[in-house]
Amino acid sequence: MIGLRTLTIWWCVLLVGGPVGAVEFGAMLLNPRREPEVSEAIDWIQTGNWDWIRLMAPPSTNLGTGLGRVLWPAARFEPAAFSPEISTARLAEDPWKVYDAARSSVLPQPVPRAYEIGNEPDIYFTPDLPDQMALTLKAAWWGIKSVQPEAAVLMPSLAARPGPYAELLARNRVSEFTDGWNLHLYGWAQDFPAAVQEHRAFWKQASGRNLPVWVTELGFAEFPALPAPIPEVLLARQQAFFERTTVAAAFSGIDRQWAFVLGPRLEQGQDYGLSSADGTPRPALESYLHLTRELSGWQPAFELRQRTDQSTVGYVLEPKADPSAEWWVLLVSPHRRADILLPEIPGRPAHRQPQPAPDASWFEFELQFPDEARPVRLGWNGEQGIHPHAELRFTASAATNLFLRLPARRFSVAGCDWVPVRPIHVSDPPPTTPSPVALSFRFSSPVRPDKSAVAYRYRVGEPLPMTLRADNFGTEPRNGRWRIALPAGWRASERHGEWQVPAGGSAQRQILLQPPPAPRELRGLFRLEWRDERGQHDTAAGWLAPNSDIPADAPLQTIPGRWTPTESDTVWQTEETSDGGVRMTLVNVRPGVTTGLWFPLPDSVRLRPNDVLRFRLRAANAESHFRRRVELVSPDRQVFRWGDDWSVGEEVQTVEGRVGDFTPSFWSRANPRRKAGPESAQYLRIGLFGLPPGAVVELGPVERYRSAR
């Protein structure tokens with residue numbers, strides 16, 4: 001969630017040093033001066049600005065040991081005018097610049113122990129495609145390991161749930177160059193365990209490796225930036241979020257987990273800070289510090305689950321030293337707060353319109369304890385006692401959890417079952433011997449990278465000049481063979497060959513690709529493969545797609561319906577245009593709010609992955625640059641995200657997206673047992689970030705191209 005500057009390293013402070021049911025906890029620590037000097041960040045930790053952490057943290061805390069987040073861009077890419085903290089940068093074209101920067105950025109122990117190569121590239125922080133991000137990781141991996149082989153090197157953190165970007169990262173063999181699957185998780189605490197499970201299952205299937213899971217950012221993203229005094233309910237919800245996700249980490253087999261963010265932090269109208277603007281720790285941080293200290297002596301024993309849908313309402317831990325002595329229980333609500341208000345769908349009967357989002361997230365507990373049990377205690381440390389013979393009624397919500405300490409005897413929870421669990425075994429990553437030769441490719445004009453489609457766009461009928469390159473980061477020359485695998489109907493001036501790649505050097509080859517006159521598919525996978533005489537190999541892969549997902553002579557269907565706003569924080573004046581579009585003038589909007597405009601799809605529209613949706617967009621009387629995001633939303637409020645653009649303005653922009661390119665966002669309800677795709681959506685939504693009052697937005701009618709393939 002944070003924008004990166006050139007050669008800037010963000011540091012983590014580890015709040016607990018030892019394993020906690022295989023979990024090591026910490027918190028992101030950002031330098032408030034935002035100076036891109038490593039020494040400044042380290043000095044800031046050591047000068048005592050955060051002495052209260054030393055007092056509250058356990059003795060095992062080792063401040064100054066943490067994670068370096070490193071990205072080596074060559075140039076900025078269109079920063080957002082409305083939010084100077086967010087910038088987008090291109091990756092360095094020369095992998096040897098990355099290699100050298102990685103070597104020079106490695107610091108003596110104890111800072112840092114791990115390096116994260118890139119921040120959330122699957123969204124808007126870099127416009128480069130996955131093959132270039134993978135090449136950056138490979139070069140950085142060899143650079144860091146050559147100086148500090150014991151350091152952990154992490155793949156770039158993923159902000160979204162697994163989708164097209166993650167799939168291409170996996171095809172580019174990132175699993176061999178990472179010491180852990182690296183995730184960022186925001187949204188609702190209820191989604192946390194399922195989201196972790198979904199990522200773990202995806203990477204296991206994609207790579208065959210069962211690596212530790214690192215959650216290098218975990219943030220509460222429902223805290224709007226407000227002036228003091230902060231409402232108590234927001235502080236309570238933030239605290240309840242971190243309590244639940246901290247305890248759930250031990251049950252989810254997390255290896256390392258960092259909270260976002262230790263100090264004050266405002267970003268895009270949201271408040272992510274675990275401390276207030278004056279440095280005062282918030283209840284969420286006090287709770288987080290307490291739990292990470294206490295959890296070191298406990299291990300998972302049971303989950304309490306509802307019989308109706310098996311949703312988790314409680315976590316039961318037992319002491320590692322004496323499992324039969326006592327239980328420590330956290331009771332939580334299984335329900336989310338209201339998130340999305342869905343518009344009516346045109347032509348649908350009233351009784352089949354979308355149900356309103358629930359306006360409450362509470363869950364009523366009825367607890368009955370055994371008569372012979374000793375007194376039950378409530379609170380973190382059991383500071384409040386209750387009589388065991390009385391029935392305990394408790395309402396959990398997004399702002400309330402309940403901790404219990406009691407003898408190791410099962411008690412009754414109305415409508416729930418006790419499910420035994422075992423800690424997920426997380427071991428050190430198995431050693432790998434990745435190829436020191438990294439393959440890459442670069443296209444010259446007229447090919448352009450399309451980040452939204454995660455594909456390289458080409459002009460139909462025109463040849464594609466390409467540079468095939470191999471970089472050897474090893475200490476010995478390597479002999480091997482390369483080959484190209486192309487989509488059906490494509491031709492290449494060369495399809496395979498032999499190379500000797502010198503140690504510490506490169507080899508290049510100029511190849512000319514010729515696409516078919518009429519592509520058989522909307523996109524095809526292009527793959528380069530290398531294998532040397534020792535059997536080590538590497539792959540560089542990407543999607544090739546025509547310049548438009550809609551062929552020039554394709555029939556288009558205009559979808560009946562109209563754009564409408566539904567957000568309660570915005571006020572619009574709306575009028576229809578002569579061609580069936582809409583012109584809307586923004587009258588009022590709360591600062592930092594994403595302005596959402598909806599297009600409900602009628603019942604007659606059933607989407608398929610190869611369907612393409614298109615509409616036009618224009619904005620007037622607005623700042624020169626603001627961001628737009630296109631989403632598909634299902635009736636059960638699954639959110640699928642497609643593309644961010646910073647340059648919406650006076651010029652008419654044609655927005656064209658293939659349904660299969662939409663990626664489930666972290667706001668989507670993660671359910672690995674029933675993985676819904678974007679074709680389940682019945683709403684098209686465009687989010688506009690940073691629009692001022694008085695801005696005029698024009699949206700054309702929505703059209704669909706249905707591919708026969």
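Just so it is clear, the values below take in all heavy atoms, side chains as well, and ignore hydrogens, waters and symmetry mates.
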Which residues share a side chain to side chain donor-acceptor pair (under 3.5 Å) with Arg527, sequence neighbours left out: Glu529
Ring centres under 6.0 angstrom apart (Phe241, Phe220): yes
Polar side-chain atom of Asn182 near backbone of Met155 as donor-acceptor pair, under 3.5 Å: yes
With sequence neighbours excluded, residues passing side chain to side chain donor-acceptor pair (under 3.5 Å) with Arg348: Asp603, Gln682
Neighbour count >12 (heavy atoms, 6.0 Å) for atom CD, Gln353: yes
Salt-bridge criterion met for Arg171 and Asp131 (N-O under 4.0 Å): no
Check: Trp642 side chain, Ser452 main-chain N or O, donor-acceptor pair, under 3.5 Å: yes
Residue list, salt bridge (Lys or Arg N to Asp or Glu O under 4.0 Å) with Asp538, at least two apart or on another chain: Lys138
Arg459: partners by salt bridge (Lys or Arg N to Asp or Glu O under 4.0 Å), with sequence neighbours left out: Glu462
Identified side-chain contact (heavy atoms from CB on, under 4.5 Å) counterpart of Tyr456 within the set Phe441, Phe526, Trp543: Phe441
Check: Gly253 main-chain N/O paired with Arg200 side-chain donor or acceptor under 3.5 Å: yes
Expected output: side-chain Ser207 to main-chain Trp203 donor-acceptor under 3.5 Å: yes
Sequence-distant partners of Arg583, salt bridge (Lys or Arg N to Asp or Glu O under 4.0 Å), two or more places apart: Glu575, Glu698
Salt bridge (Lys or Arg N to Asp or Glu O under 4.0 Å) partners of Arg616, counting only residues at least two apart: Asp579
Asp611 with Arg606: basic N within carboxylate O range, under 4.0 Å: no
side-chain contact (heavy atoms from CB on, under 4.5 Å) partner of Leu464, the single match among Leu544, Ile511, Leu512: Leu544
Within 6.0 angstrom of Arg491 CZ, more than 12 heavy atoms from elsewhere: no
Heavy-atom check, side chain of Pro354 versus side chain of Tyr683, under 4.5 Å: yes
Flag for Ser665-Glu631: side-chain donor and acceptor within less than 3.5 Å: no
Salt bridge flag under 4.0 Å for residues Asp191 and Arg161: no
Distance (rounded to the nearest 0.5 Å) between Thr558 OG1 and Arg614 CZ: 9.5 Å
Thr585-Gln573 side chain donor-acceptor pair, cut-off 3.5 Å: no
